[in-house]
Enquirer: 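A single structure is presented below for examination.
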Amino acid sequence: MDGISLTYKIADSHDEFEQIYQLNYKTFVDEIPQHQQNQDKKLVDRFDHENLYVIAKNDLEVIGMICVRGTRPFSLDEKLPSLDDLLNLEGKLCEIRLLSIKKAYRQGLVFFRLCSELVSHCLKQGFTIAVISGTTRQLPLYKRIGFVPFGPLIGKKDAEFQPMYLTEDNFVRSTKAFNKLMNRETHRREQHFLPGPVNISASVQKAWSEAPISHRSSQMNMTMKTVKKQLLHLTNGHQVEIAVGTGTLANDIVAAQLACMGKHGAIITSGEFGDRLITQAERWNLSFQSLCSETSPTLQSIEQFLVKNPEIEWVWTVHCETSTGYLYPLDDLKALCNQYGVELCLDACSSLGTIPVDLSGVYLASSVSGKGLASFPGLALVFHRESALSSKKVPAYLDLAYYEKTNSIPYTHSSNALCALQKALEYPITPSFELWNQVYDELQSAGMSVIRFDSHSPAILTIRMPETISSRIFGDSLKSASIYLSYESSYLLSRNWIQLALMGEMDERNVLKSVRYMTNYYKQLCREKAALL
């Protein structure tokens with residue numbers, strides 16, 4: 001699929017036609033030397049007033065086009081005076097011409113979608129035969145959608161074209177073939193580098209699709225106990241509760257417990273998600289101070305902070321700072337907190353499932369069913385070492401003690417999400433540092449600036465884009481090739497960053513192929529920007 005930012009339509013505005021003329025020039029003058037150069041850098045087709053253009057757009061940018069015309073004589077009539085004899089077919093003819101797609105979008109499905117839209121239009125207009133001069137560079141593509149070569153090659157030696165036709169039967173057949181081809185191409189090429197939703201295995205998808213069961217049934221109660229047992233075995237944790245919600249909800253439940261504790265604490269932050277903990281703590285009116293670093297606080301700086309502020313009785317931080325991939329050394333952090341008699345609380349949303357996470361001794365920790373656990377989003381996980389505290393000031397939905405009392409089913413729950421998580425925990429998918437290093441090397445070789453730390457997650461790579469290349473435009477363009485980066489969050493857009501998350505089910509070959517496509521496109525953009533300077 002081409003990504004949600006691409007639209008396909010019949011050109012009907014002045015701006016669209018201006019872009020069509022520019023794209024026409026770039027293809028049939030600069031790339032294929034079929035016409036003479038001109039100062040305006042525009043090429044208006046001589047049949048322009050009779051052409052119907054189907055275009056592909058990325059927001060306001062025309063990135064691809066193809067046109068059809070049903071009035072004789074065709075351009076092909078002039079090159080093949082015996083066109084009708086060569087065809088030897090009866091029916092209503094139209095001519096398809098001027099296929100042009102910007103280079104950055106040629107590896108995706110734009111070609112197939114443009115042709116599919118045009119085929120549909122031709123059928124509606126009653127055309128039964130379409131003729132085309134197909135560039136010899138793309139003959140396999142034309143043949144795959146039903147075009148049949150006929151007659152001799154035409155054009156110049158360095159710009160040769162093969163006359164081809166498509167019949168009404170092939171029109172209909174090609175429409176079905178398009179759907180199969182696009183589904184096949186999408187499955188083969190689509191690559192998600194998102195921290196959520198992640199690539200879900202077939203077995204987890206199947207578990208999700210089973211008929212839902214009542215949250216008050218004994219079956220649901222047993223499933224909940226099983227999933228809890230799996231999570232505690234995975235983390236070496238003490239107790240865990242599961243709510244319907246997101247990581248933000250899980251962190252609000254943690255904040256509610258800290259509010260019930262009523263003690264002074266500290267929040268250690270090294271990025272966007274640590275800053276979010278501060279915001280949540282402020283909403284709960286927690287008594288705390290913060291230690292902030294734009295890179296990553298060292299254990300030494302954290303120890304100095306604790307020594308300087310002996311009133312601190314709890315520390316809350318993000319185990320894996322999702323915005324950068326920085327990973328706190330958990331064992332060392334636990335030992336430090338234990339040394340100073342401080343309770344450690346963790347946001348483990350992006351670490352659980354991506355690396356071994358030992359929560360033994362951790363006072364409170366939050367996580368989610370998606371991301372590293374490779375299931376569907378929708379379940380908030382809260383691990384706790386002690387029996388949960390309760391207060392009438394805490395909203396009922398955030399009362400961890402009530403979840404503990406009711407086996408995490410105090411209210412309506414999702415059996416589908418729970419069964420999917422159970423299946424994901426049975427067959428865990430762990431990202432590899434080897435793949436991370438391979439991707440890192442590819443990005444570095446292309447000149448991309450990757451944020452790296454001595455302690456980092458094997459599931460996240462964050463890239464600083466240069467000022468000359470917009471992260472939004474770059475990410476939108478990769479969508480057209482069915483490569484989905486993380487870049488649309490406000491914190492990434494504000495920094496002009498993009499991210500690759502290696503979470504969920506990953507095909508190493510497809511990952512590296514997609515990364516190479518991305519780096520080639522990046523290098524192309526850099527060359528184009530340099531040429532303008």
Enquirer: Which residue pairs pass the salt bridge (Lys or Arg N to Asp or Glu O under 4.0 Å) test with at least one member in residues 236-254, sequence neighbours excluded?
Expert: K228-E241
Enquirer: Test of understanding: with side chain to side chain donor-acceptor pair (under 3.5 Å), list the residues that count as partners of E426, not counting sequence neighbours.
Expert: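 Applying side chain to side chain donor-acceptor pair (under 3.5 Å) to E426 gives K423.
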Enquirer: For S390, give me all partners under side chain to side chain donor-acceptor pair (under 3.5 Å), at least two apart in sequence or on another chain.
Expert: D399
Enquirer: Please set out all donor-acceptor pairs under 3.5 angstrom arising from side-chain atoms of residues 452-459, sequence neighbours excluded.
Expert:
from, atom 1, to, atom 2, distance (Å)
S455, OG, L327, O, 2.4
S457, OG, A459, N, 3.0

Enquirer: How about I473: does its CD1 atom have over 12 heavy atoms from other parts shown lying under 6.0 Å from it?
Expert: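 No, CD1 of I473 has 12 or fewer neighbouring heavy atoms, counting only those of other groups under 6.0 Å.
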Enquirer: Between H192 and Y484, is the ring-ring contact (aromatic ring centres under 6.0 Å, His included) condition met? List the steps.
Expert: CA-CA 5 Å; H192 285 262; Y484 299 88; 4.8 Å; yes
Enquirer: Of the non-hydrogen atoms in R385 and G361, which two are nearest, and what is the gap between them?
Expert: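 That closest heavy-atom pairing would be NH1-O, 3.1 Å.
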Enquirer: Within the supplied structure, the quantity of interest is the number of heavy atoms (other residues, nucleotides, ligands) at a distance under 6.0 Å from Q339 CD; does it exceed 12?
Expert: yes
Enquirer: Should E16 and K57 count as an ion pair when the cut-off is N to O under 4.0 Å?
Expert: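 Salt bridge present between E16 and K57.
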Enquirer: Residues two or more places apart in sequence or in another chain: which of them pass side chain to side chain donor-acceptor pair (under 3.5 Å) with E117?
Expert: none
Enquirer: Could I get the full list of side chain to side chain donor-acceptor pair (under 3.5 Å) partners for D347, not counting sequence neighbours?
Expert: N251
Enquirer: State, without any angle test, whether H238 and E386 hold a side-chain donor-acceptor pair at a distance under 3.5 Å.
Expert: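 No.
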